[in-house]
A.B. asks: 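Following this message is one structure expressed as structure tokens.
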Amino acid sequence: PSARQYSTAFLGKPASCFLRVKRSSCAAAAPSRPPTPRRAPTSSTYPNLLILKLEKDLAVSVPPATRSQAMQNLRDGYKRLLGYRTPSGGFSYWGPNDRPDEALTAYVIRFLSDAEDIIDVDDEVVEGATNWLAGRQNADGSWNLNSGHRDSATAYVVRALLESGRGDAKVKVAVES
């Protein structure tokens, strides 16, 4: 896909918003600093990752200052994200002492799998999250998320695991059931 198709499909904004961040209509698309404690590190860091993936995957020219800022924000966001990892390997919305959440952990697995093409990601963190999520799977292969929508929850987790290239055995059980 072209840079425009890629950015519009994944980001909802044309690539020019990310490459020329001074445009007033694109101000919200500028790489952001790592989040405050009230904002999720993954969601606020993902735009920085996507800028760097545009450059890498589609050979889109990104200004050096934008690339540098996006890379720093991505590294800082990754470090902050690790602060939400629980001892069990899952990720929580409120930090390591809170109950991990299946949907958030699936989202984090997807984010970290995308990020490992750009920055160093500790494979044990991703494997721990994958193992925790696999341990939350029901006997029939499904997952229950807080939403109560078992089929869509299972589809969401399966997609995250497939896109990350992890959890193949668990995905097979979910798909076959």
A.B. asks: What pair of heavy atoms forms the shortest contact from Tyr78 to Asp120, and how long is it?
C.D. replies: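 Scanning both residues, the minimum pair turns out to be CE2-O, 3.8 Å.
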A.B. asks: Looking at Thr86, is its backbone amide N or carbonyl O close enough to the side chain of Trp132 to form a donor-acceptor pair, meaning the two atoms are under 3.5 Å apart?
C.D. replies: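 Checking the backbone N and O of Thr86 against the side chain of Trp132, no donor-acceptor pair under 3.5 Å is found.
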A.B. asks: Of all the heavy-atom pairs spanning Asp114 and Leu49, show the shortest one and how long it is.
C.D. replies: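 Of all heavy-atom pairs spanning Asp114 and Leu49, the closest is CB-CD2, 3.6 Å.
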A.B. asks: Any side-chain heavy atom of Val108 within less than 4.5 Å of one from Tyr84?
C.D. replies: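 Of all side-chain heavy-atom pairs linking Tyr84 with Val108, none is under 4.5 Å.
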A.B. asks: Looking at every non-hydrogen atom in both residues, tell me the closest pair between Gly95 and Ser92 and how far apart they are.
C.D. replies: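 For Gly95 versus Ser92, the nearest heavy atoms are O-OG, 2.7 Å.
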A.B. asks: Mind listing the closest non-hydrogen atom pair of Val62 and Arg67 along with its distance?
C.D. replies: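 Taking Val62 first and Arg67 second, the nearest heavy atoms are O-NH2, 3.1 Å.
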A.B. asks: Which value, rounded to the nearest 0.5 Å, describes the distance between Tyr156 atom OH and Glu102 atom CD?
C.D. replies: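 Between atom OH of Tyr156 and atom CD of Glu102 there are 12.0 Å.
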A.B. asks: Can you see which heavy atom on Leu161 is nearest to which on Thr130, and at what distance?
C.D. replies: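 Nearest heavy atoms, Leu161 then Thr130: CD2-CG2, 3.9 Å.
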A.B. asks: Would you check, one step at a time, whether the test side-chain contact (heavy atoms from CB on, under 4.5 Å) holds for Ile119 with Met71?
C.D. replies: CA-CA 8 Å; Ile119 62 170; Met71 184 64 81; 3.6 Å; yes
A.B. asks: To the nearest 0.5 angstrom, please state how far the NZ atom of Lys53 sits from the CG atom of Asp117.
C.D. replies: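 Atom-to-atom, Lys53:NZ and Asp117:CG are 4.5 Å apart.
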A.B. asks: Judged by modelled atom types alone, do Asn131 and Glu127 share a side-chain donor-acceptor pair under 3.5 Å?
C.D. replies: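 Judged by distance alone, the side chains do not pair up.
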A.B. asks: Quick check: does any side chain N or O of Gln137 sit under 3.5 Å from a backbone N or O of Gly141, one acting as donor and the other as acceptor?
C.D. replies: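 Side chain of Gln137 to backbone of Gly141: a pair is present.
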A.B. asks: Can you find a heavy atom in the side chain of Gln69 that is under 4.5 Å from one in the side chain of Asn73?
C.D. replies: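 They are in contact (side-chain heavy atoms under 4.5 Å apart), so the answer is yes.
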A.B. asks: Quick one: OG on Ser113 to CG on Asp123, what's the gap to the nearest 0.5 Å?
C.D. replies: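 Answer rounded to 0.5 Å: 9.0 Å.
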A.B. asks: Just by distance, do the side chain of Thr45 and the backbone of Leu74 share a donor-acceptor pair under 3.5 Å?
C.D. replies: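 A pair under 3.5 Å: no.
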A.B. asks: Look up atom OH in Tyr93 and atom CZ in Arg99, then write down how far apart they are to the nearest 0.5 Å.
C.D. replies: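 Answer rounded to 0.5 Å: 9.5 Å.
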A.B. asks: About how many Å separate CG of Leu81 and OG1 of Thr42, when rounded to the nearest 0.5 Å?
C.D. replies: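 One gets 4.0 Å once the value is rounded to the nearest 0.5 Å.
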A.B. asks: What is the distance from atom CG of Leu112 to atom CG of Asp122, rounded to the nearest 0.5 Å?
C.D. replies: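 Leu112 atom CG to Asp122 atom CG measures 9.5 Å (nearest 0.5 Å).
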A.B. asks: Could you report the tightest heavy-atom contact between Phe91 and Thr105, atom names first, then the distance?
C.D. replies: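 Closest approach of Phe91 to Thr105, heavy atoms only: N-OG1, 2.9 Å.
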A.B. asks: Which word best sums up how the rings of Phe111 and Tyr46 line up, parallel for under 30°, tilted for 30 to 60°, or perpendicular for over 60°?
C.D. replies: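 The arrangement is perpendicular - the two ring planes meet at more than 60°.
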